[in-house]
Every structure is written in C-alpha cells, then in structure tokens.
Protein chains: 2
Amino acid sequence: MAALPSGILGDLDPTSDRAVFRQIADQIREAIDRGRFKEGAKLPSESELVEHFGVSRMTVRNALAILQSEGLASSEHGKGVFVRPRPPVRRLASDRFARRHREQGKSAFTVEAEAAGSKPEVDSLEVREEKPAPDISARLGSPRKVLARRRRYLLDGRPVEAAVSYLPLDLARGTQIAEPNPGPGGIYARLEELGHRLDHFDEEVRARMPSPSEVKMLRLSSGVPVISLIRTAYDTDGRAVEVCDTVMAADAYVLAYQLPAN
Amino acid sequence: MAALPSGILGDLDPTSDRAVFRQIADQIREAIDRGRFKEGAKLPSESELVEHFGVSRMTVRNALAILQSEGLASSEHGKGVFVRPRPPVRRLASDRFARRHREQGKSAFTVEAEAAGSKPEVDSLEVREEKPAPDISARLGSPRKVLARRRRYLLDGRPVEAAVSYLPLDLARGTQIAEPNPGPGGIYARLEELGHRLDHFDEEVRARMPSPSEVKMLRLSSGVPVISLIRTAYDTDGRAVEVCDTVMAADAYVLAYQLPAN
DNA sequence: CACCCTTACTCGTATAGACGAGTAGCTAAG
DNA sequence: CTTAGCTACTCGTCTATACGAGTAAGGGTG
C-alpha cells in the first residue's frame, strides 16, 4: 500500500541536471535541517518514497545512502530509516590530566562520567608485553619491548573510546602498572610514585573514517568518523614514559584545549 | 574485453554468510593494506571485477562504494577508481599563535606553508558586518552585531581550510581589522595594538562528516571527514575578543597540543 | 604538424524484478 | 492469559539491462 509520506517533501525538478537521487537526498536533508523530521524520527519508508517520487527503489536507496554517509540518518533492518539522534557529547578538558585530579584517586573517566550523570564502564582489559610498532617505538625512544594496556570505555552501555597505553618495559615490568588494575589515580599516579614526575603531555589529534574493526569495537553507525588522539607523556627528565593511542567515536566527543598567547 | 585483474584478488566464499559485496570490499581493502595496490594506483575496473568475481555490476559498485566511504579509494569519472593518495599533512602546533611568531609580521599559515615547501594561497575573502549566530554570540558576550571575516586557505592549489573570524563590532569597526587586508601579523597583531593584549585561546575540536557545501568548498573526496575547530581569543581583561570557526579537511591536518602536567 | 572525430574504454544514473531477513502486530491455538 | 505462528511491513542483497557522460588514444583530414 504505502501511504503518502505527508506534505513535507516536494517534487523533483526534471529540468535540473542534478541527479534524481541527489535531489531526493537534498529534499530529505533540508526537511531534517528544518526540523520537519526530528531527531530519532522515522523517515518515510523506501516504498513510500518510491511512490511519492515515482522512481525506482534503487534510486531511493541511493538517496538514503547519501544521508547515511553524511551521518544524518541511519537505517535499522526491519524497522526503517531514522534521523540520527545526536548523543550527548563528552567534553575532554585540557586539564584533565592535572595532578590535582590524579590526587583525588579516581580515574578521570569515572569522575567525569558520574558528574555528567552517566554510568561509566571499562572493559576488554588486556595487559601484555609486546614489540612496539615503529611509530610508537620512535616516540618512546625505541625500547625493544613495551607493556601494552588495552581497554575500552563505555558510557551508559555505549562504547565511546578504545585506548592502548604503551610504556617502556624496563619502566613498567614488575610494578602495579603491569597489573590489570593499576590502582587509584591510574598509571600516571604510579609513574610519579616510581619517581617519574610528569612534566607535560604532547597530544596529536587526527580525524578519519574508522576501519571495519573500529566500527565493530565502537559500534559506530555509518557516517561517523573517529578522532584519533596520540598522547605522549614526558617526565621532568624529558623522557617519554608513556604513549597512549586513543580512538574515539567522533559524535561522542569535543576536545577542549587552552593555549597561552605568549 | 576486460583483462584479468591480475592474481591479487582471490575467490569468494559462497558458504560465508558475509554479503558478497562485503567480501569483495574486504579483498580489495586487504590488497590495499598489504601494498598490493599502491597509493594512487588504479584499481581493477568495474567490468574487470565483474568478470573476475562473476557477479553483477551493482554488486561490484557496492563493494567499491564501501571503500570510498572508508576513505580508501576514490573514483574518477571516465578514468577509474584509484587508491586514495594520502596528501602530506599540515601540522598545527599549539604555539602557532605565540606572540613571537606574530611579531615576525607574516601570517602563520604563510610561514608554515613556505617552510614546508608548499605554495600558500588565501582566497574568497569577505569581510562584512552581520548578526551573530547564537553560539558565536554567546562566546563573544552577546554583542548585537559582529564583524565577520571569511576566507579559504589553499596549499599548492588545494583548498584545505575554510575559516570565519567573528569580532565584536564595537571593537573592530573602523580599524584595519575591518579591511580586507589586516596588515602584518594579522588581526591578532592589530588587536594588541588596539590595547587588547591577548592572554590565552580556548580551542574546541570536533570531527564530523562534511555538509554538501563544505564538500564543494574544500573539494573533499568521499570518505574524508572534517575537523571543526572553534577558537576563542581572550584578552588580559578576560574579554573574548574574537571567535574563529574553522573547518579543515581532516586528511590534510594533524593538530598538536602541549599540555602541562601540573 | 595541428586539429577533429571516432572509438573504446571508464564510471554515473536509472529501471524492474526477485528473494532474503529482521520486526512488529494480530490472531488463533493451547 | 499466554504463546506460537501468520502476515505485512521494513531494509538488505543481488541480478540484468540500458543509456548517459567523461576520458584518452588512434587515425584521418586539413
């Protein structure tokens, strides 16, 4: 049957040289932007759009694929295509590794999440020794082996971040850093106890589309990029004592930095 | 005719429950990752893939569409589908707005680009007064009107960044800041001459897929996200004197920040 | 030699049809 | 009342075909 998709969508312009599926995508996009379709709302079904515009199903699907790749919509098998809701973003302040926070004992992730009223979780914890990849190795001063701490962070059940910390093995082996639970304040607190007083962090921020394994790990819907953040921690001797390679769902994060002007 | 696409690609697994077009995408992706197809190299044509895998053209196109949405490949009408070359990245250091750079007279963009051996350009310059959008207005302390300076940056002819600076009108009107060419050292130098000694900058970093107009403006190929950076400049009185809203092609940038540990 | 046209390839767009698989609601059986 | 199954909807996958449009190279014409 396929009922009419309401009066929200107009007609095609046959004189336009813009491809039909793009015109359809344009119309739906504009309707979303104008709030005619609200966050989380169901878009007209493929068959409704087929009937409304008088085109074939593949044409409609192409139009919807555009919106999905733009991150505006996402489809659910058997249910429909929906306006992608914007999840609450987590803001990472540039002072999040300040010593005073560390001295509170709890991990930064936990404290922040609870303050925001979310339930934080950490899972798929893995700690092992391994040979570092070239770029990691270079940042750490080319140690033969490193300790790798892998984990995934979730907010209210949603995975938002996957991180791997690498530490030179000579520094971490036999310490609590090599334990699954590094204790209060996290590994930075342990590093300072071991005499590596932290001086500063370098962070490199990139954005790109996720690999298939990242899509799986972070349960990303299509059209959501990832932010890749590589942080290197230096002690007061100028030695790089940790590299943390983090991949974040871009729709869940805003990174905030403060720079001095002088 | 369609010659064989060489022995790089294997066969499909008919027993797998993974969709055929995904299997094809997987094979090509793996071949790219392993360097069997190098950067900029042409992938087998659609008809070659059709023949090799014994599937229909739409199936092959679906597979190629996956790779494009992942940013691994990009198609050129009439020519073929190519492994997307990774352009050289521009690194934005966190001290790029330090006063000592400003005092050199040249703009940060120009200096950096020339140091990297690239030809920098700035175009589509537009300076006008306008009513600020709510989020911009809030950051600037809710001025009634602002001066907006729009421009686009190119490296070796490739657009990489589009930026808009907003300044409270009472601060900028009638000064050189309202001129198309703000003079040596840019608007930050002018602001300091006007008595607004800069104290610090706040930067907010996000990543998302580009809007159609951003795709056009930055000539983005599919599968390339954008980095959105919103910088607020504060003077020593704590007043926000400028907000700069920047959209960057994510494949052209790495942002580098340094954070103190204390 | 310079230019244009043909030709053969490339990807882009669009149609029509088929079947599969997930979901949700109704209905009939227990 | 509960549940199992039917049914009608949703999107997912795949085939086959057709024509349009951009590219590049060959070959003929001027």
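In what follows, every chain begins at residue 1, and chains take the letters A, B, ... in the order their sequences are listed.
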Residue of the set I187(B), V146(B), V127(B) for which side-chain contact (heavy atoms from CB on, under 4.5 Å) holds with S165(B): I187(B)
E214(A) versus L220(A), closest heavy-atom pair with distance: O-CD1, 3.9 Å
Contact summary for G157(A) and P159(A), nearest pair of heavy atoms: O-CD, 3.5 Å
Contact list for DNA chain D against residues 61-70 of chain B - heavy-atom distance below 4.0 Å: none
Under the side chain to side chain donor-acceptor pair (under 3.5 Å) test, residues paired with R158(A) that sit two or more places apart: D251(A)
DNA chain C: stems of at least 3 consecutive Watson-Crick or G-U pairs whose donor-acceptor distances fall under 3.5 Å: C:1-9 with D:22-30, C:11-20 with D:11-20, C:22-30 with D:1-9
N/O (side chain, S56(B)) to phosphate O (OP1/OP2, dT17(D)) under 4.0 Å: no
V81(A) side chain, from C-beta outward: closest of dC14(D), dC11(C), dC11(D): dC11(D)
Show each protein N/O and nucleotides 6-8 of chain D N/O combination with a separation under 3.5 Å, one pair to a line.
none

Partners meeting side chain to side chain donor-acceptor pair (under 3.5 Å) with D13(B) (sequence neighbours left out): T15(B)
Interatomic distance where CZ belongs to F53(B) and P belongs to dA16(D) [whole Å]: 17 Å
Protein proximity profile, nucleotides 19-24 of chain C - base contact B, sugar-phosphate-only contact S, no contact -, cut-off 4.0 Å on heavy atoms: -BBBSS
Check: V55(A) and F21(A) side chains under 4.5 Å, non-hydrogen atoms: no
Atom-pair distance (CD on E46(B); C1' on dG22(D)), nearest Å: 14 Å
T59(B) side-chain N/O to dT13(D) phosphate OP1/OP2 under 4.0 Å: no
F109(A): ring pair (Phe, Tyr, Trp, His ring centres under 6.0 Å) partners, not counting sequence neighbours: Y153(A)
Partners passing side chain to side chain contact (heavy atoms under 4.5 Å, CB included) against R86(A) (at least two apart in sequence or in another chain): E39(A)
Close approaches to DNA chain D from residues 11-28 of chain A, in residue order (heavy atom, under 4.0 Å): none
Residues in side chain to side chain donor-acceptor pair (under 3.5 Å) contact with K79(B), at least two apart in sequence or another chain: E76(B)
Protein-nucleotide distance (K42(B), atom NZ; dT10(C), atom P), rounded to Å: 6 Å
Qualifying residue, where the test is side chain to side chain donor-acceptor pair (under 3.5 Å) with D26(B) and the options are R29(B), Q23(B), R22(B): R29(B)
Ring pair (Phe, Tyr, Trp, His ring centres under 6.0 Å) involving Y257(B) - partner list, sequence neighbours excluded: Y257(A)
OP1 or OP2 of dT10(D) under 4.0 Å from side-chain N/O of S47(A): yes
R208(A) vs V247(A) side-chain heavy atoms within contact, under 4.5 Å: yes
Min side-chain heavy-atom separation M248(B)-V160(B) under 4.5 Å: no
Atom-pair distance (CE on M58(B); C1' on dA14(C)), nearest Å: 10 Å
M58(A) atom CE: more than 12 heavy-atom contacts under 6.0 Å: yes
Euclidean distance, Y253(A) OH relative to I227(A) CD1, rounded to 0.5 Å: 9.0 Å
Nearest-nucleotide 5' precedence on DNA chain C, G54(A) against G80(B): G80(B)
Nearest-Å distance for atom pair CD/P, residues E51(B) and dC9(C): 12 Å
Nucleotide of dT15(D), dG12(D), dT10(C) approaching S45(B) most closely (side-chain heavy atoms): dT10(C)
Side chain to side chain donor-acceptor pair (under 3.5 Å) against D202(B), all qualifying residues, sequence neighbours excluded: Q258(A)
